[in-house]
Amino acid sequence: MLVLASASPRRREILGRFIKEFKVVPSNASEECSLTEPKAYVVELARRKAREVYGRTGGTVIGADTVVSIDGHILGKPRDEEEAYKMLRLLSGRVHRVTTGYCIIHEGKEHCGAVVTEVKFRELSDELIWAYIRTGEPMDKAGAYGIQGKGGLLVEWIKGDYYNVVGFPIEIILKLRELGFEVL
């Protein structure tokens, strides 16, 4: 049985587009991490999530974690509207990176990696930033935006995997295919 170690509705939706049968078991692993390099940070958190759920369920488990980074700083999910504003102001008119780390535990072996996508925001007015924050959409998303929703309005272009920016890169689906899962 394939198990997604995540409570994210976006990850569930993307996996469900390509894999027919899986179950969702949210991880209880700690998301506190002292690593500061984005790839190492997200792979470590993905590994923790996968291991924690694997210990409870067995089977094949997928853990994932996504962050936004700019100027060497990792931007996670905002704690409040003021922090969301600061993140969006920082990203305005600039290129940043979205990094998703993943860990698939299959037959006791870990298959881990990270995918990076570059995203450029439009120049954002304070009025637009606050209008977006009032939608509530930024509050549960790394970097305080969701490209798949109203946050798409903020994005000028992306270079790389769109699904990675949503939080579940296609590389994970292709890895599952390599491991023998029926995809499509």
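Atom CG of L2 sits about 10.0 Å away from atom CG of L179, to the nearest 0.5 Å. Distance check: R48 CZ to N28 CG gives 13.5 Å after rounding to the nearest 0.5 Å. Atom OG of S30 and atom CG of L45 lie 8.0 Å apart (nearest 0.5 Å). Distance check, rounded to the nearest 0.5 Å: CD1 of I62 to OG of S27 gives 13.5 Å. With rounding to the nearest 0.5 angstrom, the NE2 atom of H96 is 8.5 Å from the OG atom of S69.
In this structure, R89 contributes its side chain and L124 its backbone to a donor-acceptor pair below 3.5 Å. Judged purely by atom type and a 3.5 angstrom limit, E44 has no side-chain atom pairing as donor or acceptor with the backbone of A40. Using modelled atom types, one side-chain atom of S125 and one backbone atom of L128 make a donor-acceptor pair closer than 3.5 Å. Proximity of a side-chain donor or acceptor of D80 to a complementary backbone N or O of E82 within less than 3.5 Å is detected. The closest donor-acceptor contact from the side chain of R97 to the backbone of I70 lies at 3.5 Å or more, if one exists at all. In this structure, the side chain of K159 does not engage the main chain of V119 through any donor-acceptor pair within 3.5 Å.
In this structure, I104 and L176 have side chains that are in contact, with non-hydrogen atoms separated by less than 4.5 Å. Inter-residue side-chain proximity for F121 and L88 is flagged as met; some heavy-atom pair is nearer than 4.5 Å. Inter-residue side-chain proximity for I170 and F18 is flagged as met; some heavy-atom pair is nearer than 4.5 Å. Side-chain contact between T66 and V98 is present, with heavy atoms from C-beta onward closer than 4.5 Å. For the pair I105 and R51, the minimum side-chain heavy-atom distance is below 4.5 Å. No side-chain heavy atom of K175 sits less than 4.5 Å from a side-chain heavy atom of H106. Counting heavy atoms from C-beta on, the side chains of L154 and K150 never come closer than 4.5 Å. Put simply, the side chain of E171 does not reach to within 4.5 Å of the side chain of Y163, judged on heavy atoms.
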Q: For T100 and N164, run side chain to side chain donor-acceptor pair (under 3.5 Å): C-alpha distance rounded to whole Å, both residues' side-chain angles, the deciding distance at 0.1 Å, then the answer.
A: CA-CA 6 Å; T100 300; N164 182 49; 2.7 Å; yes
**Q.** Step-by-step side chain to side chain contact (heavy atoms under 4.5 Å, CB included) determination, E110 to R47
**A.** CA-CA 8 Å; E110 294 181 359; R47 182 180 287 119; 3.1 Å; yes
Q. Do D126 and Y85 pass the side chain to side chain donor-acceptor pair (under 3.5 Å) test, and can you show the C-alpha distance, the side-chain angles, and the key distance before you say yes or no?
A. CA-CA 9 Å; D126 282 352; Y85 171 82; 2.8 Å; yes
Q. Checking side chain to side chain contact (heavy atoms under 4.5 Å, CB included) for the pair V68/Y145: CA distance, chi angles, key distance, verdict?
A. CA-CA 10 Å; V68 169; Y145 76 96; 4.3 Å; yes
Q: Check the pair L75 / L91 against side chain to side chain contact (heavy atoms under 4.5 Å, CB included), numbers first and verdict last.
A: CA-CA 10 Å; L75 306 179; L91 299 175; 4.0 Å; yes
Q) Can you check side chain to side chain contact (heavy atoms under 4.5 Å, CB included) on T60 and M1, steps first, answer last? A) CA-CA 6 Å; T60 297; M1 172 52 97; over 6 Å; no
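For the pair L153 and R122, the tightest heavy-atom approach, listed with the atom from each and the gap, is O-NE, 3.2 Å. Contact detail for C112 and V43: the closest heavy-atom pair is CB-CG1, 4.0 Å. Heavy-atom minimum distance, M139 versus A84: SD-CB, 4.2 Å. E137 and Y132 get closest at one heavy-atom pair: OE2-OH, 2.6 Å. Of all heavy-atom pairs between A50 and C103, the closest is CB-O, 3.6 Å. Closest heavy-atom contact between V61 and A5: CG1-CB, 3.9 Å.
Between R10 and D140 there is a salt bridge, since a side-chain N of the basic residue sits under 4.0 Å from a carboxylate O of the acidic one. Using a 4.0 Å cut-off between a side-chain N of Lys or Arg and a carboxylate O of Asp or Glu, R177 and E182 do not qualify as a salt bridge. In summary, E52 and R56 engage in a salt bridge, as defined by a charged side-chain N under 4.0 Å from a carboxylate O.
Hydrophobic clustering, with ILVMFWY side chains joined whenever heavy atoms are under 4.5 angstrom apart, groups V183 together with V166. Cluster annotation: V95 and V115 are assigned to distinct hydrophobic clusters (Ile/Leu/Val/Met/Phe/Trp/Tyr, side-chain heavy-atom contacts under 4.5 Å, transitive). The hydrophobic cluster containing I19 also contains F168, counting ILVMFWY residues as joined when their side-chain heavy atoms lie under 4.5 angstrom apart, directly or transitively. No continuous path of hydrophobic side-chain contacts links L4 to V25 [ILVMFWY only; heavy atoms under 4.5 Å]. By the criterion of side-chain heavy atoms lying less than 4.5 angstrom apart, applied directly or through intervening Ile, Leu, Val, Met, Phe, Trp or Tyr residues, V116 is not grouped with Y102; the two fall into different hydrophobic clusters.
Annotation: side chain to side chain donor-acceptor pair (under 3.5 Å) contacts of K141 (sequence neighbours excluded): none.
Remark: K39 NZ is loosely packed, at most 12 non-hydrogen atoms of other residues, nucleotides or ligands lying under 6.0 Å away.
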